[in-house]
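The structure presented is a predicted model; accordingly, all values stated were derived computationally and were not measured. To find a chain, count down the sequence lines: A is the first, B the second, and so on, and within it residues start at 1.
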Amino acid sequence: MLTKRERNMTNRFMMRMSLGAILAFVGLLLSVMGYNAGSIVIAGATVIVLAFVIRRWTGDQPEHDERTGKIWAAGVSCSWLVTIIFLAALLAGGYLGLLALPAQTALEAVAWVMSLSAVIFLAYFKYKGDVEPA
Amino acid sequence: MKTRIKELRARHDLTQEELARQVGVRRETILFLEKGKYNPSLKLACKIARALQAGVEEIFLFDEDELEKS
């Protein structure tokens, strides 16, 4: 008999696997129909691999608890703040005529800043153990 | 903040994993609590106190200065 937590873990694993399988299937179907959908197949396969990695990494422990929840929330908040400052700098640079980036390049830069700063803040808070001084 | 979690856990012959499972958190959270690096929520503090059969104030120890600062 599975406990509620074990049932939740199994459900989440099955949901990730199903999502991955659906993505891979849709990608394959589109490829057969002649569309360039290789990236969708790769995305599906990645989701399936991630589902196994997360299951192995968490073992029989909960995936999240209050500490990881706080770290996630603080990491994402700090990342958004950095991104807003970066956007303001891009805008100011544009208005002052210091840089004139094409829209595509600016969007890519923003995406990179947001992703990298989130990873850095999450790693820092995980290493520290908490988001506030103990 | 200092905690007596490690001492009380040893007294009850509990591993970090077992205590974590009892209170519903990851093992790393117990580790950071024992090091005094993580301030738990009141709910988690009460769960730990119940699991270790002690009062919250017996487990989590604050200096007067620390309480004054915040």
Side-chain angles (χ1 to χ4, degrees), chain A residues 1-17 47 49-81 116-134, chain B:
Chain A
M1 188 74 179
L2 294 174
T3 63
K4 189 181 170 188
R5 187 160 62 83
E6 286 168 339
R7 267 202 310 274
N8 285 342
M9 285 167 70
T10 308
N11 287 345
R12 273 198 294 268
F13 175 71
M14 290 312 293
M15 273 174 57
R16 286 180 186 128
M17 289 293 289
V47 171
V49 170
L50 272 179
F52 278 107
V53 169
I54 290 171
R55 193 182 201 190
R56 188 169 176 82
W57 180 66
T58 54
D60 64 344
Q61 296 196 74
E63 277 179 33
H64 306 287
D65 61 17
E66 64 168 49
R67 189 181 64 86
T68 57
K70 271 169 74 177
I71 286 173
W72 178 258
V76 169
S77 299
C78 291
S79 160
W80 281 26
L81 187 64
L116 281 178
S117 61
V119 168
I120 290 167
F121 280 117
L122 287 173
Y124 171 67
F125 288 134
K126 269 187 184 174
Y127 166 76
K128 203 166 153 261
D130 199 355
V131 297
E132 56 191 75
Chain B
M1 179 188 74
K2 288 184 180 127
T3 74
R4 292 177 59 216
I5 294 176
K6 196 172 181 178
E7 175 199 334
L8 292 168
R9 190 168 55 75
R11 198 179 290 174
H12 287 86
D13 203 20
L14 283 171
T15 63
Q16 288 180 339
E17 284 89 348
E18 286 164 344
L19 179 60
R21 198 172 297 126
Q22 277 191 33
V23 299
V25 296
R26 293 183 58 79
R27 190 190 64 81
E28 295 83 18
T29 300
I30 300 295
L31 180 74
F32 282 115
L33 279 167
E34 287 186 357
K35 286 182 182 173
K37 287 186 170 181
Y38 175 59
N39 274 324
S41 67
L42 184 57
K43 192 176 172 185
L44 178 56
C46 287
K47 277 184 180 177
I48 290 170
R50 192 173 288 178
L52 298 175
Q53 294 164 23
V56 172
E57 286 192 0
E58 292 172 64
I59 299 175
F60 300 96
L61 312 169
F62 288 92
D63 292 337
E64 283 300 318
D65 291 347
E66 282 178 301
L67 290 174
E68 289 295 320
K69 258 190 253 174
S70 54

Open item on the list: Can you tell me which portion of A/K70 sits under 4.5 Å from chain B's heavy atoms? Options are side chain, backbone, both or neither.
Closed with: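 Looking at A/K70, just its side chain touches chain B.
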
Task: Which atoms of A/T58 approach chain B - backbone, side chain, both or neither, heavy atom under 4.5 Å - done: both

Open item on the list: Please evaluate residues B/L14 and B/R9 with respect to the criterion side-chain contact (heavy atoms from CB on, under 4.5 Å), reporting the C-alpha separation (whole Å), side-chain torsions for both, the decisive distance (0.1 Å), and the verdict.
Closed with: CA-CA 5 Å; B/L14 283 171; B/R9 190 168 55 75; 3.7 Å; yes

- [ ] Establish, from distance only, whether the side-chain atoms of A/E66 and B/Y38 form a donor-acceptor pair under 3.5 Å.
- [x]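 Looking only at side-chain atoms, B/Y38 and A/E66 do form a donor-acceptor pair, the distance falling under 3.5 Å.
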
Task: Contact class of B/E28 relative to chain A, heavy atoms under 4.5 angstrom - done: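 B/E28 touches chain A through backbone and side-chain heavy atoms alike.
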
Task: Qualifying residue, where the test is side chain to side chain donor-acceptor pair (under 3.5 Å) with B/E34 and the options are B/R4, B/Q16, B/K6, B/K2 - done: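 Exactly one pass, corresponding to B/Q16.
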
- [ ] Would you mind reporting whether B/M1 and B/N39 have side-chain heavy atoms less than 4.5 Å apart?
- [x] yes

